[in-house]
Amino acid sequence: MAKCLRNGVGMVVLDRHGGGNSRQWTTFSGASFRRTIIDSIRCGGSRRRHDCVTDAKPLPEKLKQRNENQKQRSECGSATKKKNVNGSEKLSDLLRLSESPENGFDGVAAEEVRRKVEALEELKRAVKCLQSDDDVLGGAIEVRRLTKESSKARTTLALLGAIPPLVSLLDSEDLDSQIGSLYALLNLGIGNDANKAAIVKAGAVHKMLRLIQSPNGSPNPAVAEAVIANFLGLSALDSNKPIIGSSGAIPFLVKTLKDLDQTSSSQAKQDTLRALYNLSITPLNVPQILETDLVPFLLSTLGDMEVSERILSILSNVVSTAEGRKGVSIVPDAFQILVDALNWTDSPGCQEMASYILMVMAHKSYGDRQAMIEAGIASSLLELTLLGSTLAQKRASRILERLTVDKGKQVSENFGGGIGTAVSAPIFGGSSSTSAYPNLQLNECLEEEEGMMSDERKAVKQLVQQSLQNNMMRIAKRANLPQDFVLSDHLKSLTSSSTSKSLPF
C-alpha cells in the first residue's frame with residue numbers, strides 16, 4: 001500500500017511500502033494544470049516534467065527543479081512572443097494538414113465551391129448574351145435551359161438582370177425569338193413570386209397581348225399557347241390578378257377557349273381554364289368576365305367531364321358577387337343544367353361544386369330559389385343527401401332547409417291573410433274547392449310520381465314533411481289559433497304525402 005502525505009509547501013509525498021522510496025508531486029488547481037498544458041503546446045511539446053520521474057529525490061532538490069521549470073515557462077512565453085521557430089513550424093504544419101484538399105470533408109467542400117463558381121460563371125455568360133446584340137436568342141434559349149429545373153438558377157438569373165432583356169425581346173419580329181423569350185420568362189416565374197411580380201412590373205403582359213393581336217387574323221398557335229402558359233403562371237400571384245384582368249387578357253382567354261376545337265391540344269384548353277379560374281378568384285375581375293359571354297359558354301359546355309369540374313370551379317368564384325349571381329341566373333336553363341350536375345354520381349367533385357353554387361344562390365335570392373324548385377331540385381337534393389359525399393350532403397341539407405323556410409313562410413302568409421281581414425269572420429269558408437288552395441290541384445300528378453320514388457327517398461320526404469307540420473303547429477300556437485285549425489283537413493292536405501310535391505321537396 002502507498003501512503004500519501006501532504007507537506008506545508010504544496011507537495012504530496014507518496015510513500016511506498018517495501019522500497020523505502022517516495023515521490024513528491026506538486027499540487028495545483030485545474031487552471032494551473034490547463035496553463036501548464038497550453039505552455040507545453042506553445043513550446044512545441046519538447047519540455048519534460050522532471051518531477052514525474054519515478055526515482056525519489058530530496059525535497060530541496062525538487063523545489064529547485066520547480067523553480068527551474070517556472071523559469072523555463074517564462075522563457076517559453078517570451079519565446080512565443082518572438083515567434084519561436086520550433087512551435088510556429090508545428091502549428092503551420094497542422095494548419096496545412098487541415099487545409100489540404102486530400103483531407104476528408106474539406107476536399108468535398110472545395111469541390112462543391114468549385115462547382116458553384118462554375119455554375120455562377122455559366123449564369124453570367126447567359127445574361128451577358130442577353131445583354132449583347134450578337135446572340136440574344138442564344139441567351140434566351142440558355143436561360144430557358146438553366147431555369148427548367150433549378151430554383152436557385154431562377155433566383156440568381158433574376159438578380160443578375162435577366163428579366164428586362166427578355167421582356168424587351170418580346171418586341172422582336174422574329175418568331176423564334178418571341179417563343180424563346182416567352183418560355184424563358186415562363187421558367188423564370190415557376191415557383192418564384194418575386195420573379196412573377198418583376199415580370200409583370202417590367203410590362204410583359206401588354207407586350208404578350210400585342211403578340212397575339214395579329215392584324216393578319218388569328219395569332220400563331222405556338223405563340224398563343226406560350227402566352228396562355230405565361231398568363232397561367234403569372235396569375236397565380238394575387239397582386240398580379242387585377243393587373244392581368246384589367247389589361248384585356250380575359251377577352252383573349254375567352255376567345256381562345258371558344259376557338260379551341262378537337263384538333264387543339266388538351267393542355268391548351270386546361271391552361272386556359274386554369275388561367276380564367278385564377279383570374280376569377282379576384283372579385284374585381286368578375287365584371288370583366290361578365291362582359292364576355294364566358295358564363296353562357298361554360299354552362300353550355302358543362303357535361304364534358306374532362307373540363308366540367310374546372311368549369312364549375314370558375315362559376316363558384318363568379319357567384320361570390322351579386323353581379324355574378326345575376327349573370328348566372330339570367331342564362332336560360334342555368335338552374336336546370338346545375339341541377340342535372342347534382343345527379344352525376346360518378347363525379348363527386350362536380351356534385352360538390354354544383355351544390356355549392358346552388359347553395360350560394362339559394363341563400364341570396366328568393367327568385368333563384370323559386371327557379372330551382374321549378375327545375376326539380378327537390379328530388380336531386382333528396383338523393384344527394386342519401387348518396388352524395390359528406391360535403392355534398394351538408395350542402396344539399398342547407399339548400400333543403402332554406403327551401404323549407406320559404407314554404408313555411410308562404411303557408412303562414414296564406415293563413416294569416418284571412419285572420420287579419422276580419423277577426424269575427426270565419427277562418428275557413430264552407431267550400432273546400434281547390435281554387436282557394438291551388439297547391440291541391442297537383443294531387444293527381446303527385447300521386448303518380450310518388451309511386452316511382454324509392455323507399456329511402458320517401459322516408460326522407462316524410463321526415464321533412466313532419467318537420468314542416470311541426471313548424472306549422474308552432475306558428476299556429478304563436479297566432480293563438482284553435483287546435484282544430486291546426487288539425488284541420490286543409491292543413492293535413494298540405495302536409496300529406498299525396499301533396500308532397502306542392503312543397504319544395
*Please tell me if the side chains of Ser280 and Val286 come closer than 4.5 Å, counting only heavy atoms from C-beta onward.*
no
*Is there side-chain contact between Phe335 and Ile377, with heavy atoms separated by less than 4.5 Å?*
no
_Is there a side chain to side chain contact (heavy atoms under 4.5 Å, CB included) between Leu290 and Val318? Walk through the geometry before answering._
CA-CA 9 Å; Leu290 296 177; Val318 172; 4.2 Å; yes
_Heavy-atom side-chain proximity of Glu142 to Arg125 below 4.5 angstrom_ = no
*Does a side-chain heavy-atom distance below 4.5 Å link Phe231 with Leu279?*
no
*More than 12 foreign heavy atoms under 6.0 Å from CD of Glu149: is that the case here?*
no
*Check against side chain to side chain contact (heavy atoms under 4.5 Å, CB included), Leu294 and Leu257*: CA-CA 9 Å; Leu294 176 63; Leu257 181 63; 4.2 Å; yes
*Sub-3.5 Å donor-acceptor pair from the side chain of Arg310 to the main-chain atoms of Arg274, do we have one?*
no
_Lys/Arg-Asp/Glu bridge criterion (N-O < 4.0 Å) met for Lys255, Asp259_ = yes
*Quick one: do the Asp271 and Gln267 side chains pair a donor with an acceptor below 3.5 Å?*
yes
*To the nearest 0.5 angstrom, please state how far the CG atom of Leu298 sits from the CG atom of Leu302.*
8.5 Å
*Hey, which of Leu381, Leu384, Thr385 is the one that makes side-chain contact (heavy atoms from CB on, under 4.5 Å) with Ser397?*
Thr385
_Testing the basics here: between Asn285 and Gly245, what is the closest heavy-atom pair and its distance to 0.1 Å?_
OD1-CA, 3.4 Å
*Compute whether any side-chain donor of one residue and acceptor of the other, for Asp238 and Thr282, lie under 3.5 angstrom apart.*
no
*With a 4.5 Å limit on heavy-atom distance, are the side chains of Leu299 and Ile311 in contact?*
no
*Between Ser235 and Asn240, does any side-chain donor sit less than 3.5 Å from a side-chain acceptor?*
no
*asked:* For Gln288 and Ser246: C-alpha separation, side-chain torsions, deciding distance, then whether side chain to side chain donor-acceptor pair (under 3.5 Å) applies.
replied: CA-CA 8 Å; Gln288 280 79 14; Ser246 61; over 6 Å; no
*Does a salt bridge link Glu122 with Arg145, judged by any charged N lying under 4.0 Å from a carboxylate O?*
yes
*Do Thr156 side-chain atoms and Ala153 backbone N/O form a donor-acceptor pair below 3.5 Å?*
no
*Determine, step by step, whether Ile228 and Thr256 satisfy the side chain to side chain contact (heavy atoms under 4.5 Å, CB included) criterion, reporting the C-alpha distance in whole Å, the side-chain angles of both residues, the deciding distance to 0.1 Å, and the verdict.*
CA-CA 9 Å; Ile228 292 171; Thr256 303; 3.4 Å; yes
*May I ask you to say whether Lys207 pairs ionically with Asp171, meaning some side-chain N is under 4.0 Å from a carboxylate O?*
yes
*Just by modelled atom types, is the Ala396 backbone N or O under 3.5 Å from a matching donor or acceptor in the Ser355 side chain?*
no
*Ser177 side chain vs Glu173 backbone, donor-acceptor pair below 3.5 Å*: no
*Donor on one side chain, acceptor on other, Gln370 and Tyr366, under 3.5 Å*: yes
*asked:* Contact between Met359 and Tyr356 at the side-chain level, heavy atoms closer than 4.5 Å - yes or no?
replied: yes
_side chain to side chain contact (heavy atoms under 4.5 Å, CB included) between Leu188 and Leu166, intermediate numbers included_ = CA-CA 10 Å; Leu188 279 171; Leu166 285 173; 3.5 Å; yes
*Looking at Tyr183, is Arg144 sitting on its ring face, NZ or CZ under 6.0 Å from the six-membered ring centre and within 45 degrees of the normal?*
yes
*Flag, side chain of Asp333 to backbone of Gln336, donor-acceptor distance under 3.5 Å*: no
*Does atom OH of Tyr277 have more than 12 heavy-atom neighbours, drawn from other residues, nucleotides or ligands, at distances under 6.0 Å?*
no
*In plain terms, say whether Glu112 and Arg115 are close enough for a salt bridge, that is, a side-chain N and a carboxylate O under 4.0 Å apart.*
yes
*Any side-chain heavy atom of Gln178 sitting closer than 4.5 Å to one from Leu169?*
no
*Do we see a donor-acceptor contact under 3.5 Å between the side chains of Glu309 and Ser347?*
no
_When you measure from the side chain of Ser300 to the backbone of Phe297, do you find a donor-acceptor pair of N or O atoms at a distance under 3.5 Å?_
yes
